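Got a structure for you, questions after.
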Amino acid sequence: MAVTQTTEPDSVLAKALKEGLIAGALALGLFCLVVGFRTEQNIRNELILTHRWGLLTIFVLGAAILRFVITYTAPLRAERKKIKRAVAVAKEPSAFRRSFPKIGLGLLLLYPLLVILILSAYQGSMMGGLQASLKYVDNFGIQILIYVMLAWGLNIVVGLAGLLDLGYVAFYAVGAYSYALLSTHFGFSFWLLLPMAGIFAATWGVILGFPVLRLRGDYLAIVTLAFGEIIRLILINWTAVTKGTFGISGIAKATLFGIPFTPGPTGFAALLGLPNSGVYYKIFLYYLILGLALLTAWVTIRLRRMPIGRAWEALREDEIACRSLGINTTTTKLTAFATGAMFGGFAGSFFAARQGFVSPESFVFLESAIILAMVVLGGMGSLVGIAIAAAVMIGGTELLRELEFLKLIFGPDFTPELYRMLLFGLAMIVVMVWKPRGFAGSREPSAFLHERKMISGEFTKEGHG
Amino acid sequence: MSENKALLRIENVETYYGNIRALSGVTVHANPGEIVTLIGANGAGKSTLMMTIFGMPRARTGRIIFDGKDITQMPTHEIARLRIAQSPEGRRIFPRMTVQENLQMGASLDNLQHFDEDSRMVFDLFPRLKERINQRGGTLSGGEQQMLAIGRALMARPRLLLLDEPSLGLAPLIIKHIFEAIKALNKNTGLTVFLVEQNAFGALKLADRGYVMVNGIVTMSGSSADLLADPEVRAAYLEGGRH
């Protein structure tokens, strides 16, 4: 038994109080001018100094209390960690963790129905529930799943093959614009254009792949970043085809085996004898993107067990060793780029069908960065971790819009979604401090002998595990 | 003359890093079933020669012939497919993959057809690897990583095994174990081994023939016994290195 150091509770309290006060004073000094004062212009263009003492108090108190709690509970937490370490030297993942993917999948499949049921009960009528569920199925469900799919697609390139791609959104754009253009000009259906968009994006993946074959790390990142920008600038400036910043509108919707989701007599609702509603289309889209995302996951899981997936992972680990083991690194890299891009293209054409409108604004660098952040925060290569990261990041942003009550505290001008980037940054720092490898940072081996017993990735060298 | 049936023949090879010449006029050969060693000090160009065989970097002049085939300009992965395997400098195992997955990567050339059989052979050679089979490569000790690197190379069923400083940074006992394993392998399967070593004494004890390299030039060659007895070699690499 280790020597347990007993600290006087009083001294801990005193220390915590002291540190809390210091943190408060620091926050006061830091935020006094930045948050406490504010200049505004009146009608005569004069600067008026106003103050926001309430907001400043919240910042200062927040810092002080947080510091106090952290310091006060530090010995407690250290003790608990020690116990945990002593008990769990080589623990099996708990039953919940092992079956989490299955539970999650079940919930995802039932999500629209659950939302409708709950809201129907809440609203008192089935129809009311249907209408109210629109927001949750569309803004939360579909939006999150698009990003899950994009992040899983990028995961093939970044997480498996280890090729840092900062321009992934370009493939998303290629997919979206190929659907938008081919559908508006030639009237092809969604189901024909979905695979075509994937093929186009994959082609662009190979086109990007060739010049960057010899690059790795920082250099690769810069070139892919430039590639993303090139695609976006082409979309803006090639006005004859893309209509520039106006974007393309009136894009045809997807159909269910030829049955359109329109209010007319041949529409989905009329055929099934249901009351007219836009919800059916959204629910259809939800299951469509869920299916596409699951396809991405399934392909990733399958490929990881196949030679090509192995080669990707080996490439990430050590390119020189790969080559001297007879792996053709050229084709390995190109297939990684192409496969990742293909799923980006699928997601893009889905996006175009869902929005009915595409413009270059949707494909800025920030999107690439967000998708990459999901892959990194979720843990490179871990599908579940990435899905959680996407749900938290996108769902969190959507939730911010719902926090109307904050206006009561901060005044009517307060728009919580403007703090999105600040919160992203905070979340990233927190995750990277606590879990430097992301939520699910340890790589699941794809081959086992006899039993699943493994050493946690925490024991491998940083940057190697 | 034995050189005609040599499995690997390196003729007059010169390799450059940019404008700096790392190898000048190197001529070396390895006969089938032989253990040949290349000894020399730090920076003599030993590892460069080993990597030049794989075309990383490419030889600027001269020829490299494996089993009668000119491989000087062949892409690296195709050279590997001729069943030349290497345990490279710094081991270069895949740290996040398990021992088994590392071995599978070694056997990926023939789609794991002989995986069970060959992995049994590797485990007989290095029983420690079997104990660590589901452990990540990066969590192994240095000696175990070296065993894994050699094991991974053997999984490719090589006709020629290139070993770059397998003794680097290892405890003497483990070096002995690894050298014994190499000897056993050579004796039992007739595998041709080309060994690059700084540990001249151990390497010459193990090998049939040896070359001495200084500043990118092969200065001496001969049977291991002759080299071990040579006063110049003794002074430069043996007595000096065994203080």
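Given the structure is predicted, the values throughout are model-derived calculations rather than measurements. Chain naming here is simple, since letters A, B, ... match the order of the sequence lines and numbering starts at 1 in each.
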Report, in residue-number order, which members of residues 328-339 of chain A are under 4.5 Å from chain B by heavy-atom distance.
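Hits under 4.5 Å: A/Asn328.
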Problem set entry | Close side-chain approach of A/Ile327 to B/Met105, heavy-atom, < 4.5 Å |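 The answer is yes; the side chains approach within 4.5 Å.
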Should we say atom CD1 of A/Ile103 is surrounded by more than 12 heavy atoms from elsewhere, each under 6.0 Å from it?
yes
- Message: When you compare the side chain of B/Pro95 with that of A/Glu317, does any pair of heavy atoms fall below 4.5 Å?
- Response: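 Result yes, sub-4.5 Å side-chain heavy-atom pair found.
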Contact residues of residues 45-57 of chain B (partner chain A; heavy-atom separation under 4.5 angstrom):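 Within residues 45-57 of chain B, the residues that come under 4.5 Å of chain A (heavy atoms only) are B/Met51, B/Phe54, B/Met56.
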Quick one: pull up OG in A/Ser324 and CG in B/Leu162 and give me the separation to the nearest 0.5 Å.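 Output value for this atom pair is 9.5 Å.
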- prompt: So which of A/Ala314, A/Gly381, A/Ala311 has the largest heavy-atom pair count under 4.5 angstrom toward chain B?
  reply: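 Top count of heavy-atom pairs under 4.5 Å with chain B: A/Ala314.
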With sequence neighbours left out, the residues meeting salt bridge (charged side-chain N to carboxylate O under 4.0 Å, His left out) with B/Glu144 are B/Arg128, B/Arg132
Discussion item. Report, in residue-number order, which members of residues 11-23 of chain B are under 4.5 Å from chain A by heavy-atom distance.
Written reply: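 If one takes a 4.5 Å heavy-atom cut-off, no residue of residues 11-23 of chain B lies near chain A.
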Most contact-rich option vs chain A, by heavy-atom pairs under 4.5 angstrom, among B/Arg81, B/Gln86, B/Met97, B/Arg92, is B/Arg92
Any heavy-atom pair between the side chains of B/Phe94 and A/Leu325 that's under 4.5 Å?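 Yes, their side chains come closer than 4.5 Å.
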Give a yes or no on this: more than 12 heavy atoms of other residues, nucleotides or ligands lie within 6.0 Å of atom CZ of A/Arg77.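 Yes, CZ of A/Arg77 has more than 12 neighbouring heavy atoms, counting only those of other groups under 6.0 Å.
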Within 6.0 angstrom of B/Asn215 CG, more than 12 heavy atoms from elsewhere: no
